[in-house]
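So the structure is just underneath, and the comments pick up after that.
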Amino acid sequence: MRSERGKIMREVLFVDCCVRGDQSRTARLARAFIGALDKSRFHVTTVDPGREGLKPLTAETLHVRDELLSRGALDDESLRFARQFAAADEVVVAAPFWELSFPAILKVYIENVSVAGISFEMLADGMRGLCRGKHLVFLTTRGGVYEGTAWADLEQGSRTMEALSRFFGFDQYICVAAEGLDMTADPEPLVAEGEVRARAVAAAL
Ligand SMILES: Cc1cc2nc3c(=O)[nH]c(=O)nc-3n(C[C@H](O)[C@H](O)[C@H](O)COP(=O)(O)O)c2cc1C
């Protein structure tokens, strides 16, 4: 896609897993991030896996997918989310911290975009990510505090996203997390500070 001045725009895919919608503090980080992107350089496409009705893989859907892959039908409509994910120049995922990681809908999205031959490939000596994205940016908010505490190893959300970033072949993983939101009567300063960090990351892309 080109800007009005004919410049090639970088495609940002925003994966919105902020389950609580308008109530979501994570969504505030996402709005701050997207608002701070240079719109003369970036074009943003949003995908909301919940609204799209994405489903967990089952024996039946895996069978269908295997059959498509076995005949090289990578352009099938059912694989469009994987193609979109792999083609994005930047991917931004926003999801709250739930049960020490993230909501199931994000895992469902990952199952749907993780397709051999589109977002990664198996080689004789291992695997290789096929995503063209430069950065995988993960925006999250947590009720408790984990970073730099005795609970740090319980934090499995960002940790999983970082591993996936490497698996899919992104050049760099960046996490912006606001923590301790449910441990204070007034989380507003924590959210506002997270917004500042989210804007700074977006401005530096
Ligand atoms: C279903 C659910 C599970 C949660 N699990 C955790 C958890 O394991 N650890 C934690 O520190 N906070 C947990 N929280 C608190 C959220 O991480 C926190 O409120 C976060 O800011 C919610 O983000 P949101 O405002 O974008 O929805 C949970 C909240 C919900 C609703």
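All values derive from a computational prediction rather than experimental measurement. Hydrogens, waters and symmetry mates are skipped; everything else that's a heavy atom, side chains included, is used. Whatever order the structure lists ligands and atoms in, that order sets their numbers, starting from 1. Numbers here simply count residues along the sequence, with the first being 1.
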Should the pair R142-E179 be classified as a salt bridge under the 4.0 Å nitrogen-to-oxygen rule? yes

If Ile, Leu, Val, Met, Phe, Trp and Tyr residues are connected whenever their side-chain heavy atoms lie under 4.5 Å apart, and connections chain through other members, are L190 and V145 in the same group? no

Interfacing atoms of ligand 1 (cut-off 4.0 Å, heavy-atom, S24): 24 (P), 25 (O), 26 (O)

One thing to verify: whether R28 and E188 come together as a salt bridge, which I'm taking to mean a side-chain N less than 4.0 angstrom from a carboxylate O. yes

Ion pair check, R166 and D171, cut-off under 4.0 Å: no

Give me the residue, atom name and distance of the protein heavy atom closest to atom 15 (C) of ligand 1. D182 OD2, 3.2 Å

Heavy-atom contacts under 4.0 Å between L181 and ligand 1: side chain, backbone, both, or neither? side chain

Please report which non-hydrogen protein atom sits nearest to atom 9 (N) of ligand 1, along with the residue it belongs to and the distance in Å to one decimal place. Y146 OH, 2.9 Å

Please say whether P96 places an N or O atom under 3.5 Å from an N or O atom belonging to ligand 1. no

Looking only at protein heavy atoms, what sits closest to atom 31 (C) of ligand 1 is W98 NE1, 3.6 Å

Do you reckon M161 sits in the same ILVMFWY cluster as M127, going by side-chain contacts under 4.5 Å, direct or chained? yes

Tell me: protein heavy atom nearest atom 3 (C) of ligand 1, and distance? E99 OE2, 3.3 Å

Quick note on ligand 1: atoms under 4.0 Å from a heavy atom of T26 include exactly 23 (O), 24 (P), 26 (O)

Contact partition for R20 relative to ligand 1, non-hydrogen atoms under 4.0 Å: side chain

What do you reckon, is CZ of R51 surrounded by more than 12 foreign heavy atoms closer than 6.0 Å? no

Aromatic ring pairing F167/F120, orientation class (parallel under 30°, perpendicular over 60°, tilted between): tilted

Is it true that atom CG of D38 has more than 12 heavy atoms of other residues, nucleotides or ligands lying nearer than 6.0 Å? yes

Best match, T141, V19, L29: closest heavy atom to atom 20 (C) of ligand 1: T141

Which protein heavy atom lies closest to atom 12 (N) of ligand 1, and at what distance to 0.1 Å? G143 N, 3.4 Å

Where is the nearest protein heavy atom to atom 8 (O) of ligand 1: which residue, which atom, and how far? L100 N, 3.0 Å

List ligand 1 atoms under 4.0 Å from G144, heavy atoms only on the residue side. 10 (C), 11 (O)

Check Y146, F102, F138 against F97 for a ring-ring contact (aromatic ring centres under 6.0 Å, His included) and give me the one that passes. Y146

Just to confirm my output: which protein heavy-atom neighbour is closest to atom 13 (C) of ligand 1, and how far is it? F97 O, 3.4 Å

